Amino acid sequence: MTTPAHSSPLPSAASVPWPPDHVTVLRNRPVRLGTDTAGLSRFADDIWHIRPAHPDPHTKVSNISFLPFPEPLRRQFRAVLLAALDHPQPVEPNGRQRAASLVGIGSFPVLITDLQLFARWMSEHSLARIADVTEQDLAEYLSHVLRLAKSPARKADAVCAVRTLWLFRDLVPEPCRLNTEYPWQGLTANALVGTRATSGENRRPRIQDETMEPLLAWALLMVDQIGPDICAAWREYTQLKLGEHPSQTAYSGPARDRLIAYADHCRRTGTPLPGLPGSNPHQVNYNHVQRLVGLPCKGGLSTAQQRLISGQQLPIASDSFVGTITGRIQGRPWRDSPLTVHELPGLWRLLSSALFIVVCYLSGMRPGEVLSLRRGCRSTDEATGQLLVNGRRGKGYDRSPDAPETAEPLRPWVVVAPVHDAIALLESLHDKPYLFPAQPHDGTHRAPDSRARTCGSVNRAITDFASWVNESFRRADGTDPIPADPSGNLNASRFRRTLARFIVRRPRGLVAAALQYGHVDTKVTLNYAGAPDTEWLQDVAVEKLEFVLEQISDDAQRLGAGEHVSGPSADEYRRRITEGAGFPGRTVISPRSAARLLAGSDPQVHHGEGLTCVWRPETAACRAARLARGLPEPAGPDESECRSSCTNLAFTDRDIAHREQDLRDWETAASDPLAPRPLRDRAAAQAERIASLIHRHERNRTEGAPA
């Protein structure tokens, strides 16, 4: 990953001085909002902290440590790494690199590891300066790398690190320059180590429907029913800690007066003292008593104050409770007792996990893009009324951190209402700048506000959420509400591909994707933010190809078994399915080849609810209706605009079975004595139309005449 840079003209090689020890190593890199610029690393430091310059707040970037370098070479490699941080990487002699781009911050931990390997090899061969390395030394070092017990990919990285060292030779002092020809010119790093570059195919397995659907359902239930109770309890607990809860106004004066007043309140209302969880016999939670009466929480109650409370002879609860339970699942409260103080951090984390599932899965965003969302990211398109989430692109060489002087235009995602609701709940949970902060609440360790949760942390939290649901809400038959996925652990990076499969395999799924997620079959939404998300298109193309091939095979088998087809396009349906089933197939080696194959093999047969569309744009009634209203031309059938007179229609036995159920429903509605006469007349007309359609289908089956 690289970012564009605009640097001053490069100095000549002979004029490059040694950097001053006090110079900031990230002086030419934008750093994230919230970074303490006074604490940034300096050139003379043995450890450089470069994470603030990474564009993604959720990404954990290791520090650069120069301690593993041999001491005589340490300053030289510092100068090289500072040059790589300051300047765009020069273009290789073969010109394959992108010009005028900085080395990505995420690449430095790997680069430093490989340069350490080279520095140790230099020290073992008595090379005190980088400038002393010769062509023969490089040949010997390549042989050394090839003998290492490393993977071919890591060996290739080691080769690339030496080439990077050479590329920056004109930007460093003379002792730091690799004064040879371009190392191992004429061969790629993969060729030098005897391996081939891997393809970029997405091999992440989809989450099975049996797992994903209940996972999403429980996440939505968590947001709608359980989340408000957790938020209210957390808000109450926070107010008690800060001394801002309305109930604390009943207590005033010295600590002794407050404690006596609290004991009188408990005795008068029959309220037990808060207890410590797991204690037997029950013991008083004096810290929570201290919070309830509004005493500062810096120091605990004294021994005398504790004796004052315990001497009141009041009953003690089994725990310290906060909030009330209002949420319901299947008509019953989701738990029998209020939440407890010690449960709140864990429940907060579970709620945050559920909110992440809702936002990430239903938006189609990458996990990192979700974790980078900031407070206030919700908006509504004034022209269309679409709900939007405004965030930062998760990939691209030209990204930079979210800094005031380098702020990038935000990219909008079109989302559904539950995503907006989930973000609103997230914003009420805390006051941090990121929706998913690294440290959501006060604790023993406070992470800087410039950091967000990592993908690894979120993945663990998703697994914990599913485990908590399975432990807390068992089904009546004893099975898990969220079954385990046979393809592996639940992972946020699998959501996008799972969503692609889901929308492609649902009625009007591709249309829903275009409208709701702004990714499929529409250049307008793809270019909304100025940069198309082609990876999503590739995922959808793979899923759509698999779906089309499965559908052709199923339709062909049904035709072969005698399934009857009627309607004006019945013959065209049979022809397309027969020709498509005869296609022998090709090897698909990438998502792009899947898109090309899909374009040539899709028979454009669309099964809807009680009808089948054999799509031909020139005869499509739905297309004509849209164009007549001045709407954009559709890429496929629009079932909401379907007309019974359309010549693209065909009806299979499956469609007729669906229509027979519709007929029974309309007949019931037409004979309902309690319904108004206009509704009964409409139901009777619909029943008559469907009965006529079924009659024509059956007559065509027996007589063999055109329908």
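All of these numbers come straight from a predicted model, not from anything done at the bench.
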Q. Under 3.5 Å, is there a donor-acceptor pair between the side chain of Arg375 and the main chain of His430?
A. yes
Q) Got a sec, which residues hit salt bridge (Lys or Arg N to Asp or Glu O under 4.0 Å) with Arg558, two or more places apart in sequence or on another chain? A) Asp554
Name every donor-acceptor pair, under 3.5 Å, that has one atom in a side chain of residues 216-233 and the other anywhere in the protein, sequence neighbours excluded.
from: Gln225; atom 1: OE1; to: Arg328; atom 2: N; distance (Å): 3.0
from: Asp229; atom 1: OD1; to: Thr326; atom 2: N; distance (Å): 3.3
from: Asp229; atom 1: OD1; to: Thr326; atom 2: OG1; distance (Å): 2.5
from: Asp229; atom 1: OD2; to: Thr326; atom 2: N; distance (Å): 3.0
from: Asp229; atom 1: OD2; to: Gly327; atom 2: N; distance (Å): 3.0
from: Asp229; atom 1: OD2; to: Trp334; atom 2: NE1; distance (Å): 2.7

Q: Please identify each residue that fulfils side chain to side chain donor-acceptor pair (under 3.5 Å) with Ser645, with sequence neighbours left out.
A: none
Q.
The criterion is salt bridge (Lys or Arg N to Asp or Glu O under 4.0 Å); which residues satisfy it with Arg623, sequence neighbours excluded?
A. Glu633
(Q) Please determine whether the number of non-hydrogen atoms from other residues, nucleotides or ligands lying under 6.0 Å from atom CZ of Arg332 exceeds 12. (A) no
Q.
Which residues pass the ring pair (Phe, Tyr, Trp, His ring centres under 6.0 Å) test with Phe436, not counting sequence neighbours?
A. Phe356
Q. Any side-chain donor-acceptor pair under 3.5 Å between Ser467 and Asp464?
A. no
**Q.** Qualifying residues under side chain to side chain donor-acceptor pair (under 3.5 Å), relative to Arg664, sequence neighbours excluded
**A.** Gln661
Q: Quick one: list whatever passes ring pair (Phe, Tyr, Trp, His ring centres under 6.0 Å) with His245, sequence neighbours left out.
A: none
**Q.** Arg335: salt bridge (Lys or Arg N to Asp or Glu O under 4.0 Å) partners, not counting sequence neighbours
**A.** Glu343
(Q) For Glu382, is the CD atom crowded, meaning more than 12 foreign heavy atoms sit under 6.0 Å from it? (A) no
Q: Please confirm whether the backbone N or O of Leu388 pairs with a side-chain atom of His420, one donor and one acceptor, at under 3.5 Å?
A: yes
(Q) For Glu688, give me all partners under side chain to side chain donor-acceptor pair (under 3.5 Å), at least two apart in sequence or on another chain. (A) none
(Q) Going by ring-ring contact (aromatic ring centres under 6.0 Å, His included), name the pairs with one or both residues in residues 637-673, residues two or more places apart or in two chains. (A) none
Q. Does Arg682 have any side chain to side chain donor-acceptor pair (under 3.5 Å) partners at least two apart in sequence or in another chain, and if so, which?
A. none
Q.
Tell me every residue that passes salt bridge (Lys or Arg N to Asp or Glu O under 4.0 Å) with Arg574, counting only those two or more places apart in sequence or in another chain.
A. Asp571
Q: Take Arg349 and Arg460 through the test side-chain contact (heavy atoms from CB on, under 4.5 Å) and record every step on the way to the result.
A: CA-CA 11 Å; Arg349 181 171 175 268; Arg460 291 190 294 272; 4.1 Å; yes
